[in-house]
Number of protein chains: 2
Amino acid sequence: MIYLCLVKLEEAQQKFIQGWGQLGASWGINRTMAQIQAVLLLSPKPLCTDEVMEKLQISRGNANMNIRELISWGVVYKSFIKGDRKEYYYSEKDMWQLAKKVSRERKKRELEPLVQILGELKTIEGNGDEVDEIKKVVKSANSMANRAESVLDLVMKLDENVFFKWFKKK
Amino acid sequence: MIYLCLVKLEEAQQKFIQGWGQLGASWGINRTMAQIQAVLLLSPKPLCTDEVMEKLQISRGNANMNIRELISWGVVYKSFIKGDRKEYYYSEKDMWQLAKKVSRERKKRELEPLVQILGELKTIEGNGDEVDEIKKVVKSANSMANRAESVLDLVMKLDENVFFKWFKKK
DNA sequence: TAATATTTTCAGAAATAATTGAAAATACAA
DNA sequence: TTGTATTTTCAATTATTTCTGAAAATATTA
């Protein structure tokens, strides 16, 4: 009976890890990075590199690089156990915080470069159909990006409850 | 003078196409697919496969496959010119429509599979720290996903003006 | 119908991204 | 300081994704 439960747990964890990894991968996040995050999310206690390596069957270099990437995204933290030299890692568990941190990071890394380019293109001069078209596109892309940024900025400032209460009202 | 303007236009178009492609790529959309969309977005008139191939220096197979993918996403349309056998393609130009269509498609393709898995995992039984943890994670991921879905569904139904007026009020 | 134009497919090639593993760097304890 | 545990780096390898190009399929006209 205990054995059966263990099997089920393992299986459930694996399913979650795979699904989470897949979601990350299709959104341009390294699959392994997302899987490590899932492993930490599922663990009641912080894990060390070796435990992550073991769980996902990956090399030390891979584990280390992806864990550090997760830390730089602000979704994984280090923790130390006294008398133990190893570093342990644990995940941000609040899904709302997680979503906020990921969107903030992606906004910074991916939306802002485009906004930068669009800014440069605003000054294009000349006339003709093609010039008109690019002006129009740059202008509307710009306005869309700015709006997306404002919405994100606003959402970041709200806490989960306020945000969802507010949506429910509508 | 005309020559200078043409150079500038070309340059501006290239910058936009590259930036748009990069944005797509970092969000898990094939770079070429995003670039083709950019080319069509910038063109005042529908383009045929050869024109797209020429503009991006890509093969016919590549152009064809990505154009069809864009059509399946609902962001590019076919058009026909009488007396011409070729198909011509043009992009949805309304950024708001574009954003809506892309999010709808991605929700369908990527969020829903995870929600499916989460649904299956809800029934996990047993006890202990790890079981508690996975239950908690599944529950909160599920609630986050459902909320994201409702927000998206709601947003889809609104038109641009209503949506942004509404945000400005807050 | 046959001839021609156009689109689609897909196996293999090329390009890109992820991963390994061992060496170097760092941190810590004795 | 020296030795040991741990983390980090990165060149080489491996895996994955994307792209090509030519053949097959389809559509159109005469």
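Just the heavy atoms: all of them, side chains too, but no hydrogens, waters or symmetry mates, feed the values below. Residue numbers begin at 1 in each chain, while the letters A, B, ... track the order of the sequences. Quantities reported herein were computed from a predicted structural model and do not represent experimental measurements.
- Evaluation of the ring-ring contact (aromatic ring centres under 6.0 Å, His included) test over residues 117-146 of chain A, restricted to residues two or more places apart or in two chains, returns none.
- OP1 and OP2 of D:dT6 both lie 4.0 Å or more from every side-chain N or O belonging to A:Thr49.
- Under the 4.5 Å side-chain heavy-atom criterion for ILVMFWY residues, a single connected hydrophobic cluster contains both A:Met95 and A:Ile29.
- Residues of residues 58-81 of chain A having a heavy atom closer than 4.0 Å to DNA chain D, listed by number: A:Arg60, A:Gly61, A:Asn64, A:Met65, A:Arg68.
- Going from atom NZ of B:Lys86 over to atom C1' of D:dT26 covers 17 Å, rounded to whole Å.
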### Query
Taking it one step at a time, do B:Lys139 and B:Lys136 satisfy side chain to side chain contact (heavy atoms under 4.5 Å, CB included)?
CA-CA 5 Å; B:Lys139 202 174 158 190; B:Lys136 241 193 291 178; 5.8 Å; no

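- Identified under the side chain to side chain donor-acceptor pair (under 3.5 Å) test for residues 59-71 of chain A, with sequence neighbours left out: A:Asp50-A:Arg60, A:Asn62-A:Asn66, A:Asn64-A:Arg68, A:Glu69-A:Trp73, A:Glu69-A:Arg109.
- Rounding to the nearest 0.5 Å places SG of B:Cys48 at 14.5 Å from CZ of B:Arg85.
- Contacts classified as ring-ring contact (aromatic ring centres under 6.0 Å, His included) and involving residues 97-127 of chain B (residues at least two apart or in different chains) are not found.
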### Task
Using the salt bridge (charged side-chain N to carboxylate O under 4.0 Å, His left out) rule, take A:Glu125 and A:Lys135 through it: C-alpha gap first, then chi angles, then the decisive distance, then the call.
CA-CA 9 Å; A:Glu125 277 172 41; A:Lys135 278 182 181 170; over 6 Å; no

Report each atom pair, protein N/O against N/O of nucleotides 15-17 of chain D, whose distance is under 3.5 angstrom.
none

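- Protein chain B touches strand DNA chain C; the 5'-most and 3'-most nucleotides with an atom under 4.0 angstrom of its non-hydrogen atoms are C:dT4 to C:dC10.
- Comment: B:Lys108 does not engage B:Glu149 in a salt bridge, judged by the lack of any side-chain N to carboxylate O separation of less than 4.0 angstrom.
- In this structure, A:Tyr77 belongs to a hydrophobic cluster whose other members, linked by side-chain heavy atoms under 4.5 Å apart, are A:Tyr90.
- Here ring-ring contact (aromatic ring centres under 6.0 Å, His included) pairs that include residues 95-138 of chain B, with residues two or more places apart or in two chains, are B:Trp96-B:Phe163, B:Trp96-B:Phe164.
- Between A:Glu105 and A:Ser72, the closest heavy-atom pair is OE2-O, 4.0 Å.
- Hydrophobic cluster membership of A:Tyr88, counting Ile, Leu, Val, Met, Phe, Trp and Tyr whose side-chain heavy atoms lie under 4.5 Å apart directly or via other members: A:Ile81.
- Other residues, nucleotides and ligands contribute over 12 non-hydrogen atoms within 6.0 Å of the NZ atom of B:Lys107.
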Using a cutoff of under 3.5 Å, can you pull out all pairs of nitrogen or oxygen atoms linking the protein to nucleotides 27-30 of chain D, with atom names and distances?
{"unit_1": "D:dT28", "atom_1": "O2", "unit_2": "B:Arg85", "atom_2": "NH2", "d": "2.9"}
{"unit_1": "D:dT29", "atom_1": "O4'", "unit_2": "B:Arg85", "atom_2": "NH2", "d": "3.1"}

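- Helix-axis bend for the helix from C:dT1-D:dA30 to C:dA30-D:dT1: the local axis fitted to the five terminal pairs at one end deviates from that at the other end by 20°, rounded to 10°.
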Distance-only donor-acceptor hits, side chain of residues 15-28 of chain B, under 3.5 Å, sequence neighbours excluded:
{"unit_1": "B:Lys15", "atom_1": "NZ", "unit_2": "A:Glu120", "atom_2": "OE1", "d": "3.0"}
{"unit_1": "B:Gln18", "atom_1": "OE1", "unit_2": "B:Gln35", "atom_2": "NE2", "d": "3.3"}
{"unit_1": "B:Gln18", "atom_1": "NE2", "unit_2": "B:Gln14", "atom_2": "OE1", "d": "3.2"}
{"unit_1": "B:Trp20", "atom_1": "NE1", "unit_2": "B:Gln37", "atom_2": "OE1", "d": "2.8"}
{"unit_1": "B:Gln22", "atom_1": "OE1", "unit_2": "B:Arg31", "atom_2": "NH2", "d": "2.5"}
{"unit_1": "B:Ser26", "atom_1": "OG", "unit_2": "B:Gln22", "atom_2": "O", "d": "3.2"}
{"unit_1": "B:Ser26", "atom_1": "OG", "unit_2": "B:Leu23", "atom_2": "O", "d": "3.1"}
{"unit_1": "B:Trp27", "atom_1": "NE1", "unit_2": "A:Glu110", "atom_2": "OE1", "d": "3.3"}

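- Between A:Glu130 and B:Lys45 there is no salt bridge, since no side-chain nitrogen of the basic residue lies less than 4.0 Å from a carboxylate oxygen of the acidic one.
- Residue A:Glu87 is the one, among B:Thr32 and A:Glu87, whose nearest nucleotide of DNA chain D lies closer to the 5' end (criterion: closest heavy atom).
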